[in-house]
Student: 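Quick one: the structure is below, questions incoming.
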Amino acid sequence: MARRETKAQQAERIQKILAALDREYGTEYRCYLNHETPWQLLIAVIMSAQCTDARVNMVTADLFRKYDTLEKFANADLKELEQDIHSTGFYHMKAKNIIACCRDLVDKHGSEVPRTIEELTALAGVGRKTANVIRGNIYNEPSIVVDTHVKRISRKLGLTKSEDPVKIEQDLMKALPRDHWILWNIHIITLGRSICIARRPKCGECFLREFCPGREDEG
DNA sequence: CTCCCGATAT
DNA sequence: ATATCAGGAG
């Protein structure tokens, strides 16, 4: 039976992982979803569900020119918006949610994007993951975003054993220093897109290899 | 739990 | 053909 690593050992390993990520990717936050305003980011994140950010950016390039105000989204024609965002997938639900969400922003929030988890998740199409993206990116609130990459890679790195996003978020808050919470998400996405790819992870060329209990030995 | 769903890589 | 993509609603 494999010996379990102690708390101190794990803390030391995490420090090395964070240092390697900072060294490789830098410490400046960057957003992969193009936007100029908070409400644009909110709409982009709603559309990013089960869709690549590159695809969302292709759509928003035209979309944010056509609907250049929050009010235009709130008053958009459903069928027309469905066609406008068709290529992001799940377009019936996303279009419906975007309109309902923007109506709520206009009617109940003075056309501003709210700050709290409760207010954000009360919006149509906004779950915990989207709410945490807004809190971290727009309001600079320390928050852990658990998306598909964070879930997969945090599990591989042995920072959580859970499948539940809320539990993963809690585990990561305990494991990671608060000042790395926001950066963890974007660093792990960067890693997950280039090296720790879901279908075929390139463990042989991963700079976290020696710190990763989930690495696969390739022949 | 199921369903939503197109685009892309393998 | 199949897995995967900055998930969320019912």
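First the proteins, then the strands, lettered A, B, ... as listed; each starts at 1.
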Student: Within this structure, what is the CG-to-P distance between A:L41 and C:dA6, rounded to whole angstrom?
Tutor: 15 Å

Student: Would you call A:R115-A:E119 a salt bridge at under 4.0 Å N-O?
Tutor: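 Result for this pair is no, no salt bridge flagged.
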
Student: Could you give the CG-to-C1' distance, from A:N97 to C:dG10, as a whole number of Å?
Tutor: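 It is 12 Å, rounded to the nearest whole Å.
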
Student: Hey, does A:V56 reach any base, or is it just sugar-phosphate, or nothing, if we go heavy atoms under 4.0 Å?
Tutor: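 Answer is nothing: A:V56 stays at 4.0 Å or more from every strand.
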
Student: Among C:dA6, C:dT2, C:dA9, which nucleotide has an atom closest to any side-chain atom of A:R199?
Tutor: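 Nearest to the side-chain atoms of A:R199, counting from C-beta on, is C:dT2.
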
Student: How do A:K96 and A:A198 order along DNA chain C: which one's closest nucleotide is nearer the 5' end?
Tutor: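 It is A:A198 whose nearest nucleotide is closer to the 5' end.
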
Student: Between A:M58 and A:Y91, which is nearer to the 5' end of DNA chain B once each is assigned its nearest nucleotide?
Tutor: A:Y91

Student: Is the ring centre of A:F90 under 5.5 Å from the base ring centre of B:dC5, and are the two planes under 30° apart, so that they stack?
Tutor: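 It does not: the ring fails the test against the base of B:dC5.
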
Student: Charged N to carboxylate O under 4.0 angstrom, A:K66 versus A:D62?
Tutor: no

Student: Going by atom types only, do A:N132 and A:E169 share a side-chain donor-acceptor pair under 3.5 Å?
Tutor: yes

Student: In whole angstrom, what separates A:L183's CG from C:dA6's P?
Tutor: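 After rounding, the reported distance stands at 18 Å.
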
Student: Between atom CE in A:M47 and atom C1' in B:dG6, what is the gap in whole Å?
Tutor: 14 Å

Student: Less than 4.0 angstrom between a side-chain N/O of A:T52 and OP1 or OP2 of B:dA7, yes or no?
Tutor: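 No, outside the criterion.
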
Student: Between A:E163 and A:K151, does at least one N-O distance fall below 4.0 Å, as a salt bridge requires?
Tutor: yes

Student: What integer distance in Å separates A:R152:CZ from C:dT4:P?
Tutor: 9 Å

Student: With a 4.0 Å cut-off, would you call A:K161 and A:D171 a salt bridge?
Tutor: no

Student: Scan A:I46 against the nucleic acid and name what it touches under 4.0 Å (heavy atoms): base, sugar-phosphate only, or nothing.
Tutor: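 Here A:I46 touches no strand at all.
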
Student: Can you check whether any acceptor in the base of B:dA7 is under 3.5 Å from a donor in the side chain of A:R55, or vice versa?
Tutor: no

Student: Among C:dC5, B:dC5, B:dG6, which is the nearest nucleotide to the side chain of A:H86?
Tutor: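 Of the options given, the side chain of A:H86 lies nearest B:dG6.
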
Student: Distance between the C1' atoms of B:dC5 and C:dA3, in whole angstroms?
Tutor: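 To the nearest whole Å, 14 Å.
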
Student: Charged N to carboxylate O below 4.0 Å: is that the case for A:R103 and A:D107?
Tutor: no

Student: Side chain of A:T130 only, please: which of B:dG6, C:dA6, C:dG8 is the nearest?
Tutor: C:dG8

Student: For the pair made of NE2 in A:H92 and C1' in C:dA9, what is the distance, rounded to whole Å?
Tutor: 15 Å

Student: Quick one: label A:L33 by what it contacts on the DNA or RNA (base, sugar-phosphate, nothing), any heavy atom closer than 4.0 Å.
Tutor: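 The residue A:L33 makes base contact.
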
Student: Which whole-number value in Å describes the distance from A:D104 CG to C:dA9 P?
Tutor: 12 Å

Student: Take atom CE of A:M93 and atom P of B:dC3, then tell me their distance rounded to the nearest Å.
Tutor: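 One finds 15 Å between P of B:dC3 and CE of A:M93, rounded.
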
Student: Taking B:dC3 as the reference, what is the distance to C:dA6 when you measure between their P atoms (whole Å, please)?
Tutor: 24 Å

Student: Does a nitrogen or oxygen in the side chain of A:T88 sit under 4.0 Å from OP1 or OP2 of B:dG6?
Tutor: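 Indeed not, no polar side-chain atom of A:T88 lies that close.
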
Student: Using a heavy-atom cut-off of 4.0 Å across all strands, would you classify A:L123 as base, sugar-phosphate, or nothing?
Tutor: sugar-phosphate

Student: Quick check: any donor-acceptor pair below 3.5 Å linking the side-chain of A:N185 to the base of C:dA6?
Tutor: yes

